[in-house]
Colleague: 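Can you read through this structure? Questions will come right after.
Each residue takes its place number in the sequence, starting with 1. Keep in mind that this is a model prediction, so the values were computed, not measured.
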Amino acid sequence: MKHHDQTPTPLPAIQAAHVDNNNQPLTTNQGVKIADNQHSLKIGLRGPTALEDFILREKITHFDHERIPERVVHARGSAAHGYFECYKALSELTMAAPFSEDGKCTPVFARFSTVAGERGSADTVRDVRGFAVKFYTDEGNWDLVGNNIPVFFIQDAMKFPDLVHAVKAEPHNAIPQASSAHDTFWDFVSLMPESTHMLLWQMSDRAIPRSYRTMQGFGVHTFRLVNAQGLSVFCKFHWTPMAGTHSLVWDEAAKIIGADPDFHRRDLWEAIAAEAFPEYELGLQIFTEETANSFSFDVLDPTKLVPEELVPITPVGKMVLNRNPDNFFAETEQVAFCTAHVVPGIDFSNDPLLQGRIHSYIDTQISRLGGANFHEIPINKPLAPVHNNQRDGMHRHEIHSGRVNYEPNSLAGGCPFQTAMSGYKSYPEPIAADKVRGSPELFSDHYSQARLFWQSQSPAEQTHIISAFRFELTRVQTLAIRVRVLSLLVNVDGQLAESVAKGLGIAVPPPMPLASTAPIPSYPISPALSLLSHPGTTGIATRQVAILISNGVDHHTVAALAEDLRNSGAVPTLISSRLGNLKTADGSTLDIDTTLEASAPVLYDGMIVIQADEQLKHNIDAIDFVRQQYRHCKPIYAIASDSILAAAGIPSRFSDGTVDPELMVDQETIQADSLTQFKTALAGHRSFEREKNLLTG
């Protein structure tokens with residue numbers, strides 16, 4: 001459905017707080033104009049600094065405190081403003097404000113993040129990604145705080161501190177940063193069989209997305225929707241990128257860490273700046289409590305998903321991110337997402353991990369943002385008016401008049417007053433049970449959905465999962481931990497366990513004992529669990545294309561090629577052996593954007609090479625550029641450049657003799673069919689068939 005045009009304007013609270021320093025004098029924080037900002041106040045030019053220099057003290061004190069504690073998890077983040085447009089009112093399901101009218105638009109702020117690394121870590125590490133959206137509704141703020149993976153490592157919030165302690169850098173030496181490839185993480189998960197399903201996702205390509213714009217988002221937990229009549233259904237939230245689901249390959253991800261550690265942050269910023277606005281469709285899986293009771297798994301278990309074959313996804317709206325933040329610290333860093341922030345019509349289930357998050361997130365923000373008044377920071381301030389009797393505390397911004405700060409009262413006419421039927425009401429779920437510590441019986445099935453995920457992957461994706469397990473477990477120094485992990489994998493798939501064990505040089509151990517004697521459920525393969533099921537609908541828009549050229553190329557050919565790509569939304573970059581003007585066949589020049597020395601092949605989604613003087617085939621950087629593009633399964637279009645392909649050892653056919661569909665070669669000039677084939681390949685998924693050549697060639 002076509003979305004409304006939305007002018008990317010700041011939220012009112014942010015707009016009111018915005019400061020424009022143009023043509024303004026320098027002042028202190030109290031508004032006192034500063035005459036000299038170059039020198040401290042001294043007792044004589046060579047004497048000691050005076051304690052009374054309040055300008056110096058204010059400046060230094062503020063500097064000393066201008067960094068706040070970073071998030072324990074999700075410290076490394078990037079964000080953007082936008083809006084959510086509802087396709088059709090969902091009044092029969094929920095009274096939540098974003099879904100109350102056909103075409104209703106709600107301002108949003110979305111933050112994407114890694115989980116394990118610190119604020120200064122790299123973007124493309126293997127990790128879960130946060131996918132959090134703040135809806136500024138007219139009924140208050142609703143935070144949908146999710147991940148790019150629909151399940152999690154643990155079933156109960158009691159284990160969350162242990163999980164984070166285990167995956168973070170080890171405490172004795174603070175190594176490694178932003179990586180799960182070490183003993184403490186694998187020690188923990190090898191003793192927590194409930195983590196097995198999530199481990200398959202973590203070792204898959206889902207953990208190394210191509211960009212924030214090409215990854216899915218999930219609410220993870222089961223939530224409740226409640227309508228105006230008080231009727232409730234269960235719900236799972238899904239964000240699907242319109243650009244499709246695309247990932248990196250591991251060698252590429254590791255190289256990007258060195259080439260551009262801000263790869264995802266830069267991609268998101270530049271796409272929005274170029275008005276190639278990221279879009280995500282929100283879909284709901286809706287089912288009744290009675291339906292949930294018929295499943296072979298427990299919907300309150302966050303290590304389980306609801307297969308789309310059981311409950312299809314219903315598209316309900318689209319999120320468009322159309323404005324970059326004005327200030328990273330004030331917005332991206334200070335934004336506070338809390339699962340407890342819901343609006344009428346959204347309620348919680350009894351998922352024990354969700355129940356713990358309801359407390360944890362608010363408690364964390366109080367620590368990070370200096371107190372209980374973090375909701376008054378402009379990026380967190382709701383559009384809905386706030387009236388209550390909460391007072392004082394650190395960093396209080398609002399000024400309340402009058403002497404009444406309690407309720408009920410008569411001195412203020414009973415205000416602010418309760419809204420009774422129109423206010424937030426929790427769903428009156430009937431509960432009659434003992435107070436216990438434990439988990440439901442169905443929580444003890446730790447392997448059936450891990451097997452479902454494994455069996456639903458393409459052969460290439462399965463190969464990547466095997467390689468990821470091998471890589472991570474090779475970094476583990478304790479043999480017993482490796483063996484325990486393999487014993488978990490035996491319960492998922494024998495071939496998976498055998499392939500991982502072979503790479504580790506150890507025998508396949510007996511399976512980990514099952515936690516229950518109940519039969520393990522089986523599921524039909526779910527194509528939606530493969531990244532390849534979502535190629536996207538935005539074509540080659542924002543795809544980065546390297547055009548590698550040498551002296552003597554035809555000026556018209558290069559210019560027409562670059563123009564064609566730009567007209568299709570791609571971003572071409574002219575690369576050669578040196579910067580400056582490159583001489584073309586007709587004596588004119590082309591401006592080179594970057595050089596082989598200064599660029600990296602991993603930063604491009606595909607490449608075109610046009611060679612005229614045979615220079616490139618003797619350039620080791622050019623040969624390496626072509627090899628990496630081929631190794632990372634990206635489309636390559638060579639024009640009059642057979643020799644550099646030969647020098648790089650690039651075969652035109654796969655090991656079974658079939659032609660590589662993502663390797664286009666024209667002998668002299670551009671052929672329309674070849675260019676179309678290149679752009680089709682650029683818009684789609686990679687040519688993973690090449691990996692067989694790399695393994696056997």
Colleague: Using ring-ring contact (aromatic ring centres under 6.0 Å, His included) as the criterion, list what pairs up with His534, not counting sequence neighbours.
Modeller: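 Result, ring-ring contact (aromatic ring centres under 6.0 Å, His included) vs His534: none returned.
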
Colleague: Mind checking whether Phe131 and Phe218 have ring centres under 6.0 Å apart?
Modeller: no

Colleague: Phe112 vs Tyr212 aromatic rings, parallel, tilted or perpendicular, using cut-offs 30° and 60°?
Modeller: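 Aromatic pair Phe112/Tyr212 classed parallel.
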
Colleague: Holding to ring-ring contact (aromatic ring centres under 6.0 Å, His included), I want the full list of residues that pass it with His74, two or more places apart in sequence or in another chain.
Modeller: none

Colleague: Would you say the ring centroid of Tyr136 lies under 6.0 angstrom from that of Phe109?
Modeller: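 No: the rings miss the under 6.0 Å criterion.
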
Colleague: Under a 3.5 Å distance rule, please check whether Lys634 uses its side chain to pair with a backbone N or O of Tyr604 as donor and acceptor.
Modeller: yes

Colleague: Not counting sequence neighbours, which residues clear side-chain contact (heavy atoms from CB on, under 4.5 Å) with Cys235? List them please.
Modeller: Leu225, Phe237, Leu284

Colleague: Tell me the closest heavy-atom pair linking Met242 and Glu281, and the distance in Å.
Modeller: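 Closest heavy-atom pair between Met242 and Glu281: SD-CB, 4.0 Å.
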
Colleague: Check ring-ring contact (aromatic ring centres under 6.0 Å, His included) between Phe277 and all other residues, then give those that pass, not counting sequence neighbours.
Modeller: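 Checked Phe277 against ring-ring contact (aromatic ring centres under 6.0 Å, His included); zero matches.
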
Colleague: Quick check: closest heavy atoms across Ala336 and Asn380, and the distance to 0.1 Å?
Modeller: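 Closest approach of Ala336 to Asn380, heavy atoms only: N-OD1, 2.7 Å.
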
Colleague: Please determine if Lys236 and Glu308 form a salt bridge, counting it only when a charged side-chain N lies under 4.0 Å from a carboxylate O.
Modeller: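 No salt bridge links Lys236 with Glu308.
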
Colleague: Of all the heavy-atom pairs spanning Arg206 and Ala528, show the shortest one and how long it is.
Modeller: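 In this case the closest contact between Arg206 and Ala528 is NH2-O, 3.7 Å.
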
Colleague: Would you call Arg653-Asp660 a salt bridge at under 4.0 Å N-O?
Modeller: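 Answer for the salt bridge query: no.
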
Colleague: Determine, step by step, whether Arg76 and Asp127 satisfy the salt bridge (charged side-chain N to carboxylate O under 4.0 Å, His left out) criterion, reporting the C-alpha distance in whole Å, the side-chain angles of both residues, the deciding distance to 0.1 Å, and the verdict.
Modeller: CA-CA 11 Å; Arg76 172 77 181 180; Asp127 199 359; over 6 Å; no

Colleague: Applying side-chain contact (heavy atoms from CB on, under 4.5 Å), run through Asp123 and Arg265 and close with a yes or a no.
Modeller: CA-CA 7 Å; Asp123 278 346; Arg265 178 174 292 175; 3.7 Å; yes

Colleague: Thinking salt bridges, do Lys617 and Asp642 make one under a 4.0 Å N-O criterion?
Modeller: no

Colleague: Testing Arg686, Arg210, Gln629 one by one against Asp605 for a side chain to side chain donor-acceptor pair (under 3.5 Å), which residue passes?
Modeller: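 For Asp605, the side chain to side chain donor-acceptor pair (under 3.5 Å) test succeeds with only one of Arg686, Arg210, Gln629, which is Arg210.
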
Colleague: Charged N to carboxylate O below 4.0 Å: is that the case for Lys134 and Asp143?
Modeller: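 Salt bridge present between Lys134 and Asp143.
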
Colleague: Suppose we screen for ring-ring contact (aromatic ring centres under 6.0 Å, His included). Which residues come up paired with His685, at least two apart in sequence or across chains?
Modeller: His246

Colleague: Any chance you could lay out the side chain to side chain donor-acceptor pair (under 3.5 Å) test for Glu461 and Ser458, step after step, and finish with the verdict?
Modeller: CA-CA 5 Å; Glu461 289 172 306; Ser458 68; 3.0 Å; yes

Colleague: Less than 4.5 Å apart, side chain to side chain, heavy atoms only: is that true for Ser204 and His464?
Modeller: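 A side-chain contact is absent here, since even the closest heavy-atom pair is not under 4.5 Å.
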
Colleague: With sequence neighbours excluded, give me every side chain to side chain donor-acceptor pair (under 3.5 Å) pair touching residues 571-580.
Modeller: Ser577-Gln615

Colleague: Under the criterion side-chain contact (heavy atoms from CB on, under 4.5 Å), which of Lys255, Arg627, Gln628, Arg631 is the partner of Pro601?
Modeller: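 Of all the options given, the one that passes is Gln628.
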
Colleague: Can a salt bridge be assigned to the pair Asp326 and Arg323 using a cut-off of 4.0 Å between side-chain N and carboxylate O?
Modeller: yes

Colleague: For a quick test of reading the model, state the closest non-hydrogen atom pair linking Ala562 to Pro572 and the distance between them.
Modeller: O-CG, 3.7 Å

Colleague: Give the minimum heavy-atom separation between Gln285 and Val311, together with the two atoms involved.
Modeller: NE2-O, 2.7 Å

Colleague: So which heavy atom on Ser643 is nearest to which on Gln611, and how close?
Modeller: OG-NE2, 2.6 Å

